[in-house]
Amino acid sequence: MKELVLKQHIKVYETVEELSDIDRQLLQRAKEALNDSYSPYSNFKVGAALLLKNGEIIGGSNQENASYPLCLCAERVAISAADAMFNGIPILAIAVTVKNPKQVIKEPASPCGACRQVMCETEMKHRQNMRVLLQGEIGEIYEFESAKGLLPLSFDGSYLD
Ligand code: THU
């Protein structure tokens, strides 16, 4: 028997002021996207924003449905919007933030497993690592160099060859 220890490198910023101009702008766009959230069932708003290689910034927010399984996460709404509008243009970074009316979330937003899987597929598709910036409503910002950092041992298309 042997043991594997998986390590993860995360940059932690105490405030948005520590971010580069473009990352601050990206996180700000994610926060603005919270206003477009349609979340009458959970009242939990999620905002995402993508930085594309052509300089475009695309926002997205969670879109819920009375038929709960049809709810769309902000991350995948943003990625699908980018695919629809700028198909083939790699995504350099994604910022994700959340807002819960019941409590101020101080921990970095945590993308769900399905979104992590889609983010990894998006990286593979574009052959481009996507930096991931996560912030709660307030508090520290986590930066991952790649979506793969959020999904160790991930499943991908190579298994299907
Ligand atoms: N949600 C997202 O938008 N992204 C995630 O990664 C986690 C969950 C949304 C889905 C639903 O509208 C609400 O948050 C509560 O689960």
Side-chain angles (χ1 to χ4, degrees), residues 6 8-13 16 19 22-52 56-87 89-126 128-157:
L6 304 178
Q8 187 48 54
H9 189 94
I10 306 172
K11 286 186 185 147
V12 181
Y13 302 90
V16 287
L19 297 175
I22 190 65
D23 284 357
R24 205 165 38 241
Q25 213 179 311
L26 194 62
L27 191 54
Q28 178 56 30
R29 181 68 189 86
K31 289 193 183 287
E32 285 164 18
L34 293 169
N35 299 322
D36 306 322
S37 166
Y38 175 67
S39 40
Y41 304 104
S42 72
N43 290 314
F44 186 74
K45 294 174 192 272
V46 185
L50 307 174
L51 173 65
L52 273 55
E56 292 283 342
I57 291 184
I58 308 282
S61 56
N62 55 329
Q63 303 295 318
E64 299 189 345
N65 194 286
S67 176
Y68 293 172
L70 302 186
C71 292
L72 299 172
C73 290
E75 298 90 324
R76 281 178 285 153
V77 167
I79 289 171
S80 299
D83 284 339
M85 289 191 280
F86 298 101
N87 190 23
I89 307 290
I91 301 169
L92 301 180
I94 179 170
V96 185
T97 187
V98 295
K99 191 167 167 57
N100 182 349
K102 288 182 283 186
Q103 56 159 312
V104 176
I105 307 282
K106 301 185 189 75
E107 292 75 36
S110 182
C112 77
C115 287
R116 293 173 193 221
Q117 182 72 26
V118 168
M119 285 155 65
C120 287
E121 182 89 20
T122 303
E123 282 190 333
M124 282 197 72
K125 180 170 78 172
H126 292 137
Q128 168 73 57
N129 280 359
M130 186 162 57
R131 290 186 303 110
V132 183
L133 293 161
L134 306 174
Q135 191 187 31
E137 186 175 346
I138 59 169
E140 288 178 336
I141 300 125
Y142 281 6
E143 179 187 358
F144 293 75
E145 281 306 311
S146 160
K148 281 186 225 47
L150 288 157
L151 194 61
L153 308 178
S154 61
F155 177 75
D156 64 45

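FYI, the numbering just counts along the sequence from 1. When a ligand or atom number is given, it counts from 1 through the structure's own listing order.
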- prompt: Okay, side chain of T97, backbone of K31: is any donor-acceptor separation there less than 3.5 Å?
  reply: no

field: Heavy-atom donor-acceptor pair, N129 side chain to S146 backbone, under 3.5 Å
entry: no

[atom] - nearest protein heavy atom and its distance:
atom                    : answer
atom 16 (O) of ligand 1 : F44 CD2, 4.9 Å
atom 4 (N) of ligand 1  : E75 OE1, 2.8 Å
atom 3 (O) of ligand 1  : A74 N, 2.9 Å
atom 12 (O) of ligand 1 : E64 OE2, 2.4 Å
atom 7 (C) of ligand 1  : C112 CB, 3.9 Å
atom 8 (C) of ligand 1  : C73 SG, 4.0 Å

task: With Y13 as reference, evaluate R24, E143, Q135 under the side chain to side chain donor-acceptor pair (under 3.5 Å) test and give the passing residue.
output: E143

- prompt: Does K11 pair with E145 as a salt bridge, N-O distance under 4.0 Å?
  reply: yes

query: Any luck finding a side-chain donor-acceptor pair between R76 and T122 under 3.5 Å?
result: no

statement: Distance col, row K148:NZ vs Q8:CD, nearest 0.5 angstrom, shows 11.0 Å

query: Counting only non-hydrogen atoms of the protein, does one fall under 4.0 Å from atom 14 (O) of ligand 1?
result: yes

message: Check for me whether S39 has a heavy atom closer than 4.0 Å to any atom of ligand 1.
response: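 No heavy atom of S39 comes that close to ligand 1.
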
task: Considering the heavy atoms of N62, write down every atom of ligand 1 situated less than 4.0 Å from one of them.
output: 3 (O), 9 (C), 11 (C), 12 (O), 13 (C), 14 (O)

Proximal ligand 1 atoms for P111, defined as those under 4.0 Å from one of its heavy atoms: 6 (O)

field: 4.5 Å side-chain heavy-atom contact, Q25 and Q28
entry: no

query: Does E121 CD have over 12 foreign heavy atoms under 6.0 Å away?
result: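 No, CD of E121 has 12 or fewer neighbouring heavy atoms, counting only those of other groups under 6.0 Å.
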
field: Any N/O pair S42/ligand 1 closer than 3.5 Å
entry: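 Between S42 and ligand 1 (N or O atoms, distance only) the closest approach is not under 3.5 Å.
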
